[in-house]
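Nothing here was measured: the structure is a model prediction, and the numbers come from that model.
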Amino acid sequence: MNRLLFCSSLLVASILLFACDLSKSLSTEQHAVDTVKPTAKVLAPLPLELVEICPGNATLNDEFGEDPGWIEFSNRSSDSVRLGGFRLRGREADGVGWRLPDTILPAQGRMMVFMSGRGIATESPAQDTLDPLANGGWGWSDIQSDPPGASTVKGWLFGAKKFNGYLKDKSLAFSFQINLIDAGLGWSSATAGINFKSPVDASRLDRIVFQATFPVGQPLMIRLCDDDNECWKKAPFQVTGTGDSLGEYEIPLSKFTPDFTKLIGLQFDPPPNNLGEYRLTVTRIRFYKSARHPHANFKLQRKGAKLILEDTAGKMVPDTVAYPEISSNGTWSKD
């Protein structure tokens, strides 16, 4: 009996000793696991970079004839990048952001985006140039009214009696000198114009460009005329002369109000009651559809804000820019 009791006690002690050793071993292993630091998440550099921000620039209107401001970003990598995996974000109030167009931007390539809030993810190059044939210039002034005024419209570059002529490059040009004079009638009027050889349908286009010479600083009102013969009722657009010899003047068609399916010419008038002499020479006239740039679905803050360009998967370091308040026609640039 005593021998059996001794053996049983020895067995129990051995089991307890083994359990302690096992517990110590498990405790040591668990401690080793707990002290291992997790591997840090390494983000790849973003291939795109914001290079210029312009909250407002009246000299660069979009295809709608508006000034929404714009941004430009570049592909700074050595490979082409599919843009659909990236987005642009502004304030929290602007939402989750705007996904870039799903197109390919080549290495070192750039893209401009208008910040209009329209959310247009397509782009296209300029196209559909239409050159109307102009076949005659004309003039009218209050000297032809009853009672007559004193304003006149004469030829300029090709002599006082001739509105039309050819330049040295054999291109047809129209040249006018308008004198708006007060004759005591209580009103003064003088206008000059160019007729197209046949009506023009520009309803699918959005720009008119003409080469012209206007004295520097000279204002002049331009109207597009349709075939209802009352062009003076159409909304005018005022240009100011640059003084350049046959410089290009480009105007969005949205600034005019004729029937664009049957345009028959242009009309030029001095600003109302702005007496004085006005000169102009006009040569090539053309209509075209402007390039369409993408439009983000939110607008820039003109008093300064933060703008973020990032990948939608969150695997790259975002390009974040905090731009200041920028004066009209100014831009922010990294370089």
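Under the 4.5 Å side-chain heavy-atom criterion for ILVMFWY residues, a single connected hydrophobic cluster contains both Phe298 and Trp332. Each of Trp187 and Met221 belongs to its own hydrophobic cluster when Ile, Leu, Val, Met, Phe, Trp and Tyr are linked at side-chain heavy-atom distances under 4.5 angstrom. With hydrophobic clusters built from ILVMFWY side chains whose heavy atoms lie under 4.5 angstrom apart, Val239 shares a cluster with Leu266. Residues Met111 and Ile71 fall within the same hydrophobic cluster, defined by Ile, Leu, Val, Met, Phe, Trp and Tyr side chains chained together at heavy-atom separations under 4.5 Å. Residues Leu50 and Phe114 are members of separate hydrophobic clusters, defined by side-chain heavy-atom contacts under 4.5 angstrom among Ile, Leu, Val, Met, Phe, Trp and Tyr.
Residues Asp62 and His293 are not in side-chain contact: their nearest non-hydrogen atoms beyond the backbone lie 4.5 Å or more apart. For the pair Leu172/Tyr166, a side-chain contact is recorded, criterion being any heavy-atom separation below 4.5 Å from C-beta on. Side-chain contact check for Tyr288 versus Asp128: every heavy-atom pair is 4.5 Å or farther apart. For the pair Val153/Phe163, a side-chain contact is recorded, criterion being any heavy-atom separation below 4.5 Å from C-beta on. Looking only at side-chain heavy atoms (C-beta outward), Pro55 and Tyr323 come within less than 4.5 Å of each other. Residues Arg204 and Lys289 form no side-chain contact, since every pair of their non-hydrogen atoms from C-beta on lies 4.5 Å or further apart. For the pair Leu253/Leu224, a side-chain contact is recorded, criterion being any heavy-atom separation below 4.5 Å from C-beta on.
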Would Lys262 and Asp227 count as a salt bridge (charged side-chain N to carboxylate O under 4.0 Å, His left out) here? Give the steps. CA-CA 7 Å; Lys262 48 185 179 181; Asp227 65 358; 3.4 Å; yes

One pair to check against side-chain contact (heavy atoms from CB on, under 4.5 Å): Tyr249 and Ile222. What are the steps and the verdict? CA-CA 11 Å; Tyr249 293 81; Ile222 299 176; over 6 Å; no

Would you sort out whether Leu48 and Asn75 count as a side-chain contact (heavy atoms from CB on, under 4.5 Å), showing the intermediate values? CA-CA 5 Å; Leu48 304 178; Asn75 176 8; 4.2 Å; yes

Could you give me the CA-CA distance, side-chain angles and deciding distance for Asp319 and Arg76, then say whether salt bridge (charged side-chain N to carboxylate O under 4.0 Å, His left out) is met? CA-CA 12 Å; Asp319 185 29; Arg76 59 185 172 185; 5.3 Å; no

List the steps, then state whether side-chain contact (heavy atoms from CB on, under 4.5 Å) holds for Trp98 with Met115. CA-CA 10 Å; Trp98 176 70; Met115 305 300 293; over 6 Å; no

Start with the C-alpha distance between Met112 and Glu123, add both sets of side-chain angles, then the distance that settles side-chain contact (heavy atoms from CB on, under 4.5 Å), and finish with yes or no. CA-CA 10 Å; Met112 189 184 77; Glu123 61 174 345; over 6 Å; no

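The environment of CZ in Arg82 is crowded: more than 12 heavy-atom neighbours from other residues, nucleotides or ligands sit within 6.0 Å. A 6.0 Å sphere centred on CD of Glu230 holds more than 12 heavy atoms belonging to other residues, nucleotides or ligands.
Among all heavy-atom pairs drawn from Leu185 and Gly149, the shortest one is CD1-CA, 3.5 Å. The two residues Gly90 and Leu307 make their nearest non-hydrogen contact at CA-CD1, 4.4 Å. Here the closest heavy-atom approach between residue Phe210 and residue Ile251 is recorded as CE2-CD1, 4.0 Å. Contact record, Asp311 with Met316: OD1-N, 3.2 Å, taken as the closest heavy-atom pair. The two atoms that bring Arg302 and Gly56 nearest to each other are NH1-CA, 3.4 Å, heavy atoms only. What you find for Ser74 and Arg110 is that their closest heavy atoms are CB-CG, 3.7 Å.
Between the CD atom in Gln211 and the OG1 atom in Thr213 there is a gap of 9.0 Å [rounded to 0.5 Å]. Put simply, CG on Asp102 and CG on Leu83 are 8.0 Å apart, with the number rounded to the nearest 0.5 Å. Put simply, CG on Asp94 and CG on Leu88 are 10.0 Å apart, with the number rounded to the nearest 0.5 Å. Atom CG of residue Leu46 and atom CZ of residue Phe73 lie 10.0 Å apart, to the nearest 0.5 angstrom. Note that CZ of Arg286 is 11.0 Å distant from CG of Leu205, once rounded to the nearest 0.5 Å. Rounding to the nearest 0.5 Å places CG of Asn179 at 11.5 Å from OG of Ser188.
Using modelled atom types, one side-chain atom of Thr257 and one backbone atom of Ala235 make a donor-acceptor pair closer than 3.5 Å. For Arg284 (side chain) and Val209 (main-chain N/O), no donor-acceptor pair under 3.5 Å exists by modelled atom type. A donor-acceptor pair is defined here as one N or O able to donate and one able to accept, closer than 3.5 Å; no such pair exists between the side chain of Thr312 and the backbone of Phe86. Panel note: side chain Gln218, backbone Arg279; a donor-acceptor pair is recorded below 3.5 Å. Without hydrogens or angle criteria, Asp182 side chain to Gly184 main chain gives a donor-acceptor distance under 3.5 Å. Ser151 places a side-chain N or O within donor-acceptor distance of the main-chain N or O of Ile181, the cut-off being under 3.5 Å. With hydrogens and angles disregarded, no donor-acceptor distance shorter than 3.5 Å links the side chain of Asp226 to the backbone of Pro258.
Listed by chain and number, the residues in a salt bridge (charged side-chain N to carboxylate O under 4.0 Å, His left out) with Arg99 amount to none (sequence neighbours excluded). Evaluation of the side chain to side chain donor-acceptor pair (under 3.5 Å) rule for Arg118 yields Glu66 as partners, not counting sequence neighbours.
Screening Asn273, Leu275, Thr152 for a side chain to side chain contact (heavy atoms under 4.5 Å, CB included) involving Leu180 leaves a single residue, Leu275.
Residues Phe64 make up the rest of the hydrophobic cluster containing Ile120, defined by ILVMFWY side-chain heavy atoms closer than 4.5 Å, directly or through other members. Listed by chain and number, the hydrophobic cluster partners of Ile264 come to none, as no ILVMFWY side chain reaches under 4.5 Å of it.
Thr191 and Asp269 form a side-chain donor-acceptor contact under 3.5 Å, judged by distance and modelled atom types alone. Residues Ser171 and Asp169 bring a donor and an acceptor atom of their side chains to less than 3.5 Å of each other. With hydrogens and angles left out, the side-chain atoms of Glu52 and Thr331 include a donor and acceptor closer than 3.5 Å.
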Please list every donor-acceptor pair under 3.5 Å in which a side-chain atom of residues 193-201 meets a protein atom from a residue at least two apart or in another chain.
residue: Asn195; atom: OD1; partner: Trp138; partner atom: NE1; Å: 3.3
residue: Asp201; atom: OD1; partner: Ser203; partner atom: N; Å: 3.0
residue: Asp201; atom: OD1; partner: Ser203; partner atom: OG; Å: 2.7

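Applying the disulfide bond (SG atoms under 2.5 Å apart) test to every pair with at least one member in residues 220-325, sequence neighbours left out, gives these pairs: Cys225-Cys231.
Ion pairing of Asp228 with Lys234 is present here, as a side-chain N (NZ or NE/NH1/NH2) and a carboxylate O approach within less than 4.0 Å.
Ring pair Phe268/Tyr278: centre-to-centre distance not below 6.0 Å.
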